[in-house]
Amino acid sequence: MNSILREQDAGNHTLLSEFILSGLSSHPELQHLLFFTICFIYSMTLIGNLLICLATAHPTLHTPMYFFLRVLSFLDISTASVVVPKMLVNILSEDRSISYLGCVTQLYCVVFLASTEWYLLAAMAYDRYVAVCRPLRYPAIMSTRACLSMVLLSCCSGKVVSVVQTAWVFTLSFCGPRRINYFFCDIPPLVLLSCADTSRYERQLISATALVIFTPFCLILLSYTCILSSILRIPSAESRHKTFSTCSSHLTVVTLYCASGTLIYLQPKSSNSQEAKKVLALIYTTVIPTLNPLIYSLRNKEVKEVLIRGLAVLMKK
């Protein structure tokens with residue numbers, strides 16, 4: 001009731017103190033099922049990515065590929081933790097409000113982590129390119145300093161994108177209802193709430209989407225075109241299979257991110273597809289962070305061996 005009253009008063013105020021998140025579903029009978037399902041997925045995200053972080057910290061896996069994988073796992077844990085805990089609280093609570101500052105912070109973190117992850121995926125593709133196409137120069141090119149610089153550059157690029165996008169969104173006028181038809185603060189549902197002309201912002205968002213998603217994606221495609229060309233020249237069928245298996249896991253992650261990200265942000269003010277966007281947002285904030293450890297560990301012999309040895313040691317104790 002309090003949430004409804006706050007929403008009714010929203011139209012009379014241009015300065016909002018909070019928003020109301022509608023959540024994933026408005027059907028009461030689904031709330032408990034959603035809670036336990038998402039709680040299980042979030043638990044798997046934390047466990048899987050923490051295991052990857054621990055496994056890749058093993059001395060035998062101190063290589064650039066596993067360093068990038070450890071950073072990716074950290075970003076996945078962070079992305080899920082920014083969105084899921086608040087979503088779980090809202091599922092069981094009648095008060096689904098989020099403060100204005102909380103909404104700003106959540107949007108900033110989501111955009112920062114998503115942008116950083118895209119640039120990191122491009123760095124991982126470059127690492128695979130050097131490993132397959134320039135193996136003799138690999139240690140020199142992919143030095144510790146180079147890897148740290150790539151991660152730092154990814155973070156700085158993500159920060160710039162996040163600051164710009166967050167500032168743009170919250171300079172819009174919100175003079176209508178406070179209810180966000182979403183389960184977290186994201187750009188498309190916030191743009192829908194604005195009563196101002198957002199056409200200029202929408203053009204800017206399409207440009208940002210091209211910069212953040214399509215530019216790294218093109219670099220990744222270029223890297224893997226060169227990799228595929230090199231793989232086809234490998235005489236040993238076993239070596240070809242091992243190299244392709246290592247790269248295909250990375251391509252799987254990239255495809256999932258690209259598909260969900262482009263469909264969400266290329267049409268920010270399309271109200272007809274809001275429910276579909278909720279599902280896509282759930283995939284990239286909740287499901288993909290859970291799948292990454294499975295994709296990389298189940299398809300990676302070295303990671304599986306380290307995890308099995310670690311579990312064996314724990315069981316002996």
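Computed from a prediction, not measured in an experiment: that's the story for all the values here. All residue numbers refer to positions in the sequence shown, counting from 1.
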Q: Kindly compute the distance separating CG (Leu72) from CD (Glu117), expressed to the nearest 0.5 Å.
A: 4.5 Å
Q | Expected output: side-chain Ser230 to main-chain Val132 donor-acceptor under 3.5 Å | A | no
Q | From CA spacing to verdict: side chain to side chain contact (heavy atoms under 4.5 Å, CB included), Ser207, Leu211 | A | CA-CA 6 Å; Ser207 300; Leu211 177 66; over 6 Å; no
**Q.** N/O donor-acceptor pair under 3.5 Å between Thr56 side chain and Cys53 backbone
**A.** yes
Q) Under the 3.5 angstrom rule, does the side chain of Ser78 hit a backbone N or O of Phe74 as a donor-acceptor pair? A) yes
Q: Enter the distance from Leu190:CG to Ser194:OG here, rounded to the nearest 0.5 Å.
A: 9.5 Å
Q | Minimum side-chain heavy-atom gap Phe183-Thr285 below 4.5 Å | A | yes
Q: Answer yes or no for Cys185 and Cys103: SG-SG distance under 2.5 Å.
A: yes
Q. Judged by atom type as modelled, is there a donor-acceptor pair below 3.5 Å linking the side chain of Ser260 to the main-chain atoms of Tyr257?
A. yes
Q) Do Asp95 and Ser93 pass the side-chain hydrogen bond (donor to acceptor under 3.5 Å, both in side chains) test, and can you show the C-alpha distance, the side-chain angles, and the key distance before you say yes or no? A) CA-CA 5 Å; Asp95 183 7; Ser93 174; 5.8 Å; no
**Q.** Under the side-chain hydrogen bond (donor to acceptor under 3.5 Å, both in side chains) test, residues paired with Asn49 that sit two or more places apart
**A.** Ser73
Q. Shortest non-hydrogen contact from Ile227 to Ala125?
A. CD1-O, 4.3 Å
Q.
Distance check, rounded to the nearest 0.5 Å: Cys258 atom SG versus Tyr284 atom OH?
A. 13.5 Å
Q: Using the rule that two of Ile, Leu, Val, Met, Phe, Trp, Tyr join whenever any of their side-chain heavy atoms come within less than 4.5 Å, decide whether Phe40 and Tyr42 are in one cluster.
A: yes
Q) How about Tyr224 and Tyr129: are their ring centres within less than 6.0 Å of each other? A) no
Q.
Quick check on Phe217: does its CZ atom have over 12 non-hydrogen neighbours (other residues, nucleotides or ligands) under 6.0 Å away?
A. no
Q: Examine the side chains of Tyr201 and Gln165 and answer whether a donor and an acceptor come within less than 3.5 Å of each other.
A: yes
Q) What's the spacing between Tyr182 OH and Leu282 CG if we round to 0.5 Å? A) 9.5 Å
(Q) Show the nearest heavy-atom pair for residues Ala80 and Pro85, with the distance to one decimal. (A) O-CD, 3.6 Å
Q) For the residue pair Met65 and Tyr138, what are the closest heavy atoms and their distance? A) N-OH, 4.1 Å
Q: Answer yes or no: are there more than 12 heavy-atom neighbours, outside His32 itself, under 6.0 Å from its atom NE2?
A: no
Q: Could you walk me through whether Leu92 and Phe35 pass the side chain to side chain contact (heavy atoms under 4.5 Å, CB included) test, one step at a time?
A: CA-CA 8 Å; Leu92 298 182; Phe35 178 84; 3.5 Å; yes
Q. Of the non-hydrogen atoms in Ser154 and Leu120, which two are nearest, and what is the gap between them?
A. OG-N, 3.6 Å
Q) Lys278 and Ser22: which non-hydrogen atoms are nearest, and at how many Å? A) NZ-OG, 3.7 Å
Q.
Tell me the closest heavy-atom pair linking Ala122 and Pro216, and the distance in Å.
A. CB-CB, 4.0 Å
Q: Please round to the nearest 0.5 Å and tell me the distance separating atom NZ of Lys277 and atom CG of Asn181.
A: 11.0 Å
Q: Enter the distance from Cys39:SG to Leu34:CG here, rounded to the nearest 0.5 Å.
A: 12.0 Å
Q.
Restricting to side-chain hydrogen bond (donor to acceptor under 3.5 Å, both in side chains), what partner residues turn up for Thr45, sequence neighbours left out?
A. Thr290
**Q.** Backbone N/O of Ser162 and side chain of Thr166: donor-acceptor pair under 3.5 Å
**A.** yes
(Q) I'd like to know if the side chain of Arg96 reaches the main chain of Asn90, judged simply by a donor and an acceptor atom lying under 3.5 Å from each other, with no hydrogens or angles considered. (A) yes
Q: Verify, without hydrogens or angle tests, whether Thr171 (side chain) and Trp168 (backbone) share a donor-acceptor contact under 3.5 angstrom.
A: yes
Q.
Any heavy-atom pair between the side chains of Asn292 and Leu69 that's under 4.5 Å?
A. no
Q: Would you indicate whether the side-chain heavy atoms of Leu107 and Phe170 approach each other to under 4.5 Å?
A: yes
Q. Taking C-beta and beyond as the side chain, do Met87 and Leu24 meet within less than 4.5 Å on heavy atoms?
A. yes
